[in-house]
Each structure stands twice: as C-alpha cells, then as structure tokens.
Participant: 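One structure coming up, written as structure tokens, with questions to follow.
For the numbers below, each heavy atom of this structure counts, side chains included, while hydrogens, waters and symmetry mates do not. Just so you know, these numbers come straight off a predicted model, no measurement behind them. Lettering of chains follows the sequences in order, A, B, ..., and the numbering in each one begins at 1.
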There are 2 protein chains.
Amino acid sequence: MALHEEIQASFYRKAAFEPGLAARPANGEAPTFFSAGAEIYAQGEKSSSLYTVEFGAVRVYRLLADGRRQISAFLLPGEMFGFETDTTHHFFAEAICATGIRIQRATLLQGDLAGALLPMALQSLVRAQEHLLVLGRHSAAERAAAFLLDMSERQGGLRRLDLQMSRADIGDYLGLSIETVSRVFSRFRQKGIIRLPNLRGVEIVKLQALKDLAA
Amino acid sequence: MALHEEIQASFYRKAAFEPGLAARPANGEAPTFFSAGAEIYAQGEKSSSLYTVEFGAVRVYRLLADGRRQISAFLLPGEMFGFETDTTHHFFAEAICATGIRIQRATLLQGDLAGALLPMALQSLVRAQEHLLVLGRHSAAERAAAFLLDMSERQGGLRRLDLQMSRADIGDYLGLSIETVSRVFSRFRQKGIIRLPNLRGVEIVKLQALKDLAA
DNA sequence: CGGGAAATTGACAATGCTCAAGAGTGGTGG
DNA sequence: CCACCACTCTTGAGCATTGTCAATTTCCCG
C-alpha cells in the first residue's frame, strides 16, 4: 500500500468516527490527495480553481532562473490558496507531505462567493505583509523565532510542532541558507529555548524567550 | 498660507483648466489633501475606510519597537490601499509628498462592492508576493533594479521618474540601508544604466541592463 | 542493520551595515 | 535675488552577519 493511500485510508477511518472532520463543502466535492513532493499546480499553468488544505501542508513558491527559490507561504489545514488576478498561476504549489486538498472550480466562485472570498484573500494579504517585515528587517534569529511562533499559533498554540518541511524549505521561506537555519535552531536548543526531538519536530520550551526574540 | 493649502489651491486652479484631473468618483466625494509627511492613518487606529490615491504618493509601513521600519508598499495615483481584515489598522500610512486621497467609508462597501473589491485586494496580494521574492532572495543591486523597473512600469513605462521618496524610504522598502541604496544607484550611474538628474529624479538609460539585473 | 538523504558543524569569504566625514540640494529668509 | 542653512545624499573604512564550501554526524526508512 503506497504511502498516500495509507494516509487516505486513515483519513476515512477517522472521518467515520468524527463527522466534523469529513464535513463537505456545499458543492460536495471530495478532497484530492497528494503525496509528499507532488505538484498541485505550476507557474504558467492555467488557473481555474481555489484550493483548501484538508490535512497535510503545502508550500507555494516562485523560482528564479538560477534556481533560487522563495517560498511565499506555507499552507496548513483549513487554509486556502490559489488566488490569482488573472487566469494564470504565477507560483508553484506542492504538497510538503501527504496532503488532502479540496479543489473548488472557479466557475463556482462567481457572484455571491466573491464576497465570501474577500476575507480569505485579505487573510493572505496580511500574512504576506507580516512576512515582508520579517524578510526585510529581521535578523536570522528573529526570523526563526517569528517562524516558530507563527507555526505554533496557526496550530492553536501547540508547543510540540511537527514541522513537516525541511531546513531547505524553512530557509527558502525565511530568506536564509539551510546552514543558517540549522545554526539558529542549534543556538536556540543550546539556550534551552526549544528542543529538537527528531528531524522535523520542534518543541517550544521557553515561549516567552521566542516572543522576546521575535521583536 | 500653509503648504497643503497652497497645494490644494494649485490643484483646483489646475483643475479649472483640466476637467479630467478633477473627475469625481461616482459617489461624489472630494479628495482629501495631505502635505508631505502627513499621516493618513496610524497603526492601531480604527479602520473604516478605503483610500484611493488621486495624485502624489503614499507609503504604507510597519514599525518595530527599536525604530526599524518596513515599508510594505508605495501607492501611486489610481492605486487603492487600506484593506484590513478587522476594524483596526495594522499599518501606518503617510503621504510622501503633497498628495490627494479619495476616502470611501467602509459602510459604502458592503454588498455588491465587496465583489468589486476583490480584484483590488488580489492586486495588492500579488504585489506583496512579488516583493517577498525581492526581499528574500535578491541582492542589493537586484532589489534596486527591480524597484526602478516596478516604478517605471507602474507609470506606464516612463523612463524619467520623479521618485518623490527619499533614500531612507527606498531602503526601508527594499530592506537595505540608505548607504547601500546610494552606493547601488551610484554604481548604476557609473555604468551608464541610469542618470540621476536631481535629488529625487532617476532616468533609466539602459532599460535592458536593469531587466537583466532584476533576474 | 545499512544505505542514503538531511542536518549539523567548522572555516573562510562576501555582502551589506555601521560609523563618520564631506558634498550637494533645495528651501527660506534677509 | 542671492546667500545661508539644514537636510539629504554620497563616499570611505572597518566590521558584523550571513552565505559558501566542505567534512562529518545523525536520523529515517527500508
């Protein structure tokens, strides 16, 4: 059984006992499954849908010709992405780990739904603007602290984070090299601010220390 | 006669001869005038309006406790700003130079207008995401080139730019110090890519060279 | 267990920042 | 109208932070 099938099956098992988790959108579409690294859409592709993360995680990014990458957003369950001003995608979107995505065709989004969409778009805008401050005016340590706090808050203040994304992903999100990300995390660990129980896991020990750092 | 009154008077004088310039929005509201440096709104203020630049230029920014500033956007004539997810402003907005702003109360924006608003919000989102790439993964020279090209394109491809904003503004927009901005501009001038006819003016001489740099 | 990818760590280099001094502008008042 | 003055911009020198390159270790996952 392939990994994503395993996940899919476990999702449905869980859904059978937790009806809220399986709540369907008004149009009744079922989520589509993507395994780790799978492309959801590519830059230049025609855009005609909106995407909502059901479970898993997504990275949305742009590439430069020389291979530099900027991840503009990580999307967690419940979050929506794929807004475009025209009919073409200007970004790549990939599943970071086994991920379920609910896809809504844009044709269903005319009329009333445009109004419902505005808050989601504004949410993305606020996130992007917050991110601008981090990239423009924060040191490496401040960026890492802000990232950990953001990820924690977006998971309801959870202190044990399963980040899913690699150091390369984090670096390309924060505008840092993987080595710098690793060094900052190590320094945080040495100071007892966080623990790194496993490769992709982070536990926040001194929350206030992180908040002080995030400035 | 105070500066902004002078400006306002000159605007109306000009308007008398150029009806197009005095064109009023459908709701008939007249623009409000702000002199250079005047605050349009402040972080933490209650937000109940949307703003459209009629003439002049605006900077929207956030401040950190230690004085670091990140300008998230410059707004030029015809562009709209002030989108918020809740009823509080999360940014400061100031006039860069003598500026006219059309203010629309949010109460007028319920219903149908929400749909009309979405494209404007998405436009802001795209700009912010583009800006993320610049701040995260571009060198100082690439940032400056991207900035000049963006300003030029937003003015219809004009090659002689009157930037209005100071080096400090540009630095806080690009995540660079004023000295670095100045040095990069000087290097561009030495290479014959641009000319700097006066303090706030830039003339693009080798457009392609800038485009190559912007990567 | 073992292979391989990811992460960590170290040494060095480069980019951009800070501090400081000097030059150019443009606005203001005499 | 001109000269001054304050402010911004420019330029230089030294330094700090972060990036690059490389070696080593750790951690998964078969």
Participant: For a 4.0 angstrom threshold against heavy atoms of chain B, report the outermost contacting nucleotides of DNA chain C in 5' to 3' order.
Facilitator: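 Counting from the 5' end, contacts occupy C/dG16 to C/dG26.
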Participant: For B/Gln164 and D/dT8, give me the distance from atom CD to atom P, rounded to whole Å.
Facilitator: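 Distance, rounded to whole Å: 15 Å.
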Participant: Can you give me the closest heavy-atom contact between A/Ser139 and B/Arg68, atom names plus distance?
Facilitator: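 Between these two residues, the closest heavy atoms are N-NH1, 4.4 Å.
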Participant: Within this structure, what is the CZ-to-C1' distance between A/Arg167 and D/dT26, rounded to whole angstrom?
Facilitator: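 For the pair A/Arg167 CZ and D/dT26 C1', the rounded distance is 12 Å.
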Participant: Pair A/Phe83, A/Phe91 - check ring-ring contact (aromatic ring centres under 6.0 Å, His included), show working.
Facilitator: CA-CA 10 Å; A/Phe83 306 103; A/Phe91 295 84; over 10 Å; no
Participant: Between B/Met165 (CE) and D/dT8 (P), how many Å, whole number?
Facilitator: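 One finds 15 Å between P of D/dT8 and CE of B/Met165, rounded.
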Participant: Quick one: label B/Gly175 by what it contacts on the DNA or RNA (base, sugar-phosphate, nothing), any heavy atom closer than 4.0 Å.
Facilitator: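 Contact class for B/Gly175: sugar-phosphate only.
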Participant: Can you tell me if A/Arg160 has over 12 outside heavy atoms packed within less than 6.0 Å of its CZ?
Facilitator: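 Atom CZ in A/Arg160 is not crowded, with 12 or fewer foreign heavy atoms closer than 6.0 Å.
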Participant: Do the side chains of B/Asp169 and B/Arg69 get close enough for a salt bridge, i.e. N-O under 4.0 angstrom?
Facilitator: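 Yes, B/Asp169 and B/Arg69 are salt-bridged.
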Participant: Residues in ring-ring contact (aromatic ring centres under 6.0 Å, His included) with B/His131, at least two apart?
Facilitator: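 Testing B/His131 for ring-ring contact (aromatic ring centres under 6.0 Å, His included), a comparison that skips the adjacent residues, returns B/Tyr173.
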Participant: Okay, side chain of B/Arg143, backbone of B/Ala214: is any donor-acceptor separation there less than 3.5 Å?
Facilitator: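 No, the answer is negative, given that no donor and acceptor are paired below the 3.5 Å cut-off.
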Participant: Measure across A/Glu54 and A/Arg102 and return the closest heavy-atom pair with its distance rounded to 0.1 Å.
Facilitator: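 For A/Glu54 versus A/Arg102, the nearest heavy atoms are OE2-NE, 2.7 Å.
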Participant: What heavy-atom pair brings B/Val181 and B/Gly171 nearest, and what distance separates the two atoms?
Facilitator: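 In terms of heavy atoms, the two residues are closest at CG2-CA, 3.7 Å.
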Participant: Specify the angle, to 10°, made by the local axes at the two ends of the helix from C/dC1-D/dG30 to C/dG30-D/dC1 when five pairs are taken at each end.
Facilitator: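 Between the first-five-pair axis and the last-five-pair axis there is 50°.
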Participant: Please list each protein N or O that sits under 3.5 Å from an N or O in nucleotides 12-16 of chain D, with the distance.
Facilitator:
from: D/dG12; atom 1: N7; to: B/Arg183; atom 2: NH1; distance (Å): 2.8
from: D/dG12; atom 1: O6; to: B/Arg183; atom 2: NH2; distance (Å): 3.4

Participant: Just so I know, are the side chains of A/Gln164 and A/Phe74 near enough to count as touching, which here means a heavy-atom distance under 4.5 Å?
Facilitator: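 Sidechains of A/Phe74 and A/Gln164: no contact.
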Participant: Would you indicate what A/Leu176 reaches in the nucleic acid, counting non-hydrogen atoms under 4.0 angstrom: base, sugar-phosphate, or nothing?
Facilitator: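 Here A/Leu176 touches the backbone only, sparing every base.
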Participant: Base, sugar-phosphate alone, or nothing: which one does B/Arg189 contact when heavy atoms must sit under 4.0 Å apart?
Facilitator: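 Counting heavy atoms under 4.0 Å across all strands, the contact made by B/Arg189 is with sugar-phosphate only.
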Participant: Could you pull out all residues at least two apart from B/Glu79 that satisfy salt bridge (Lys or Arg N to Asp or Glu O under 4.0 Å)?
Facilitator: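 Listed in chain order: B/Arg127, B/Arg154.
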Participant: Under 4.0 Å, heavy atoms only, any strand: does B/Ser177 hit a base, just the sugar-phosphate, or nothing?
Facilitator: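 Base, at least one base heavy atom under 4.0 Å.
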Participant: Check nucleotides 28-30 of chain D against the protein and report each pair of N or O atoms closer than 3.5 Å, with its distance, or say if there are none.
Facilitator:
from: D/dC28; atom 1: OP1; to: A/Leu199; atom 2: N; distance (Å): 2.6

Participant: Would you compute the distance between atom CD1 of A/Ile40 and atom CZ of A/Arg59 and round it to the nearest 0.5 angstrom?
Facilitator: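 Nearest 0.5 Å value for the CD1-CZ distance: 9.5 Å.
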Participant: Should the pair A/Tyr51 and A/Phe81 be assigned to parallel (<30°), tilted (30 to 60°) or perpendicular (>60°) ring geometry?
Facilitator: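 Parallel.
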Participant: DNA chain D: A/Val181 or B/Thr180, which has the more 5' nearest nucleotide?
Facilitator: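 First, find each residue's nearest nucleotide; the 5'-ward one identifies B/Thr180.
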Participant: Of all heavy-atom pairs between B/Leu161 and B/Ser152, which one has the smallest distance, and what is that distance?
Facilitator: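 Shortest heavy-atom separation between B/Leu161 and B/Ser152 comes out as CD2-CA, 3.7 Å.
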Participant: Provide the closest heavy-atom pair for B/Ala128 versus A/Ala128 in the form atom of the first, atom of the second, distance.
Facilitator: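 Closest approach of B/Ala128 to A/Ala128: CB-CB, 3.9 Å.
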Participant: Is B/Ser166 near enough to D/dT8 that one of its side-chain N or O atoms lies under 4.0 angstrom from OP1 or OP2?
Facilitator: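 False: B/Ser166 side-chain N/O out of range (4.0 Å or more) of D/dT8 OP1/OP2.
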